[in-house]
Amino acid sequence: MPRSPSPSPPAGQPSTASDAGDAVKAIYVFANEKGGMTDINRGKINEIIAQLSQSSAYTAKLLKSDRRVDETVALLQQKLQRSDEGARRSAAAVVARQVAALEASRRADRCCAVIDFDMFYAAVEIRDRPELADKPVAVGGIGMISTANYVARRWGVRSAMPGFIGQALCRQLVFVRPDFAKYTAVAEVARAIFREYDPKMTAGSLDEAYLDLTDHLHKRARDGGGGGAGDDSGDCDGGGEGERRGTALTGEALGELAGEVVGEIRARVKEATRGLTTSAGIGPNFLLAKIAADVRKPDGQFCTGWSREAVLSFLAPLPVRKVPGVGRVMEKARARKDGAASAVCELLSRAAEARLLFTPGSADSLLRKSLGWEEGGREEAAGEALQKGISCERTFRPTGDEAELGETLRRLCASLAEEMAARQLRGRTVTLKMKTSDFDLLTRDSSAARPVGAAEELQARAVMPLTVAD
DNA sequence: TACATACAC
DNA sequence: GATGGTGTATGTA
């Protein structure tokens, strides 16, 4: 006899903060946002997570790092206070000039798409074991969950969450071991389809692809395959500065055709992968396409539009964290005065501040992103970019035994050398990374005169940062 | 060049 | 009781 009616997520109270878990909650953002989360149980979920995390070394280290970020942010504030009127004015002037230049160069003749499988690993596993379909499923192990299906997400189980927490949140959670060979094969099926639309397509990861559809769309429009020859009704295209490609396919017309094409691609992928769904974002560049891919997840697509108005009204209200490249730290550094997270519009309105605080490169990048103009995605892969590094790391039980550490190091070097040989790679700088039991990360590196690759060479250069005390 | 951080998936 | 692995980019000394 099975358990009773289908179990449902806990219906807790709205977060009754109070206790020692408060600081921890501030760190753990698992129960924020994202599809599938019901609002009702958020408090309960946070409580369980806080409970389990409270006394762990990992949390201690997170809190410590968070305090350091706070200090840095405080320093930035001081720096801002102390900046003189002249510096502020010239920063504002620079920003104004940049904004004008960027706006003038906005183009409406390019179309990019980012296509992303929905809960990829879990979807593949469920496809192959249909009996899992309505059960909460996590791909990963007790150490780490890499993907959770939407049923599991209703309990607060998410990717990048340690498995034991997932299990505490949802006792019926079914764990499935990841099978990367299988995922790679599935990804290859999808990529073959993507390449028909963009031969230069690039992959962000196994489950994510960047396609520049511009050429395909023009070809399709020329060959009259479909797509009403756009009625560009006034408010659409932003930069109507002539047709570089000979077809009047810009702005909204481009978007409309792209919508059909992307729908077609997604249908083909679903068919070819026996039912796997994808979500997609469409826009004038990869940055916007990437952000847009999140909007209609799962199994949907969204187009940002091309005009300045369309782009900005899409971006403005988004939390800065949605912008690729803006993570926990930058979010905090750009948070509002009252501590609340900023939206992209504030990023833009306070761009002059950023220019005073950060390196010119970072400030530029932030400004461009808040205008929705480039960066954050693939962008011109410009010929097969060569790989910059290769690594092999493993987490093991803490030990102070040098012989044991030495043996671990030997094994790591051996696997790495094997992988490098298989891919015919060598490198000049060997970096040894070591994580202590309290999650401090240390690196030591050593550069050789010429590239190395053999296990012995790697090992000889991997000098252990010993004397770790305690 | 050496080391640390931030970020993405 | 317990929080991964691979790769890229960037800041600072």
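Order of the sequence lines sets the chain letters (A, B, ...), proteins ahead of strands, with each chain counted from 1.
In this structure, a donor-acceptor pair under 3.5 Å is absent between the side chains of A:Ser53 and A:Ser56. Side-chain contact of A:Arg88 with A:Ser83: a donor-acceptor pair under 3.5 Å is present, judged by distance alone. With 3.5 Å as the limit, one finds a donor-acceptor pair spanning the side chains of A:Ser65 and A:Arg328.
Of the inter-residue distances, the one linking A:Leu366 atom CG with A:Arg355 atom CZ reads 10.0 Å to the nearest 0.5 angstrom.
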Across nucleotides 1-6 of chain B, 5' to 3', mark each nucleotide with B, S or - according to how protein heavy atoms within less than 4.0 Å reach it. SSBSSS
Treating primed atoms plus P, OP1 and OP2 as sugar-phosphate and everything else as base, which nucleotides of nucleotides 5-13 of chain C get B, S or - for protein heavy atoms under 4.0 Å? SBSSS-S--
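Between the P atom of C:dG1 and the CD atom of A:Gln167 lies a distance of 14 Å, rounded to the nearest Å. Between A:Met161 atom CE and B:dC9 atom P the separation is 18 Å, expressed in whole Å. One can place CZ of A:Arg158 at 18 Å from C1' of C:dG4, the figure rounded to the nearest angstrom. At whole-Å resolution of the value, CD1 in A:Ile165 and P in C:dA2 are 12 Å apart. Atoms NZ (A:Lys297) and P (B:dC9) sit 10 Å apart, rounded to a whole Å. Between the P atom of B:dC9 and the CD1 atom of A:Ile291 lies a distance of 11 Å, rounded to the nearest Å. For the pair A:Leu62 CG and C:dA2 P, the interatomic distance rounds to 15 Å; values are reported in whole Å. In this structure, CG of A:Leu206 is placed 13 Å from P of B:dC9, rounded to the nearest angstrom.
Judged by distance alone, with hydrogens and angles left aside, the side-chain atoms of A:Arg266 form no donor-acceptor pair with the main-chain N or O of A:Ala280 at under 3.5 Å. No donor-acceptor pair closer than 3.5 Å links the side chain of A:Asp116 to the backbone N or O of A:Glu208.
Using a cut-off of 4.0 Å between Lys/Arg side-chain N and Asp/Glu carboxylate O, A:Lys64 and A:Asp438 are scored as not salt-bridged.
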Applying side-chain contact (heavy atoms from CB on, under 4.5 Å), run through A:Phe175 and A:Gln167 and close with a yes or a no. CA-CA 9 Å; A:Phe175 284 90; A:Gln167 203 161 43; 3.8 Å; yes
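Residues satisfying the ring-ring contact (aromatic ring centres under 6.0 Å, His included) test with A:Phe180, not counting sequence neighbours, are A:Tyr121, A:Tyr183.
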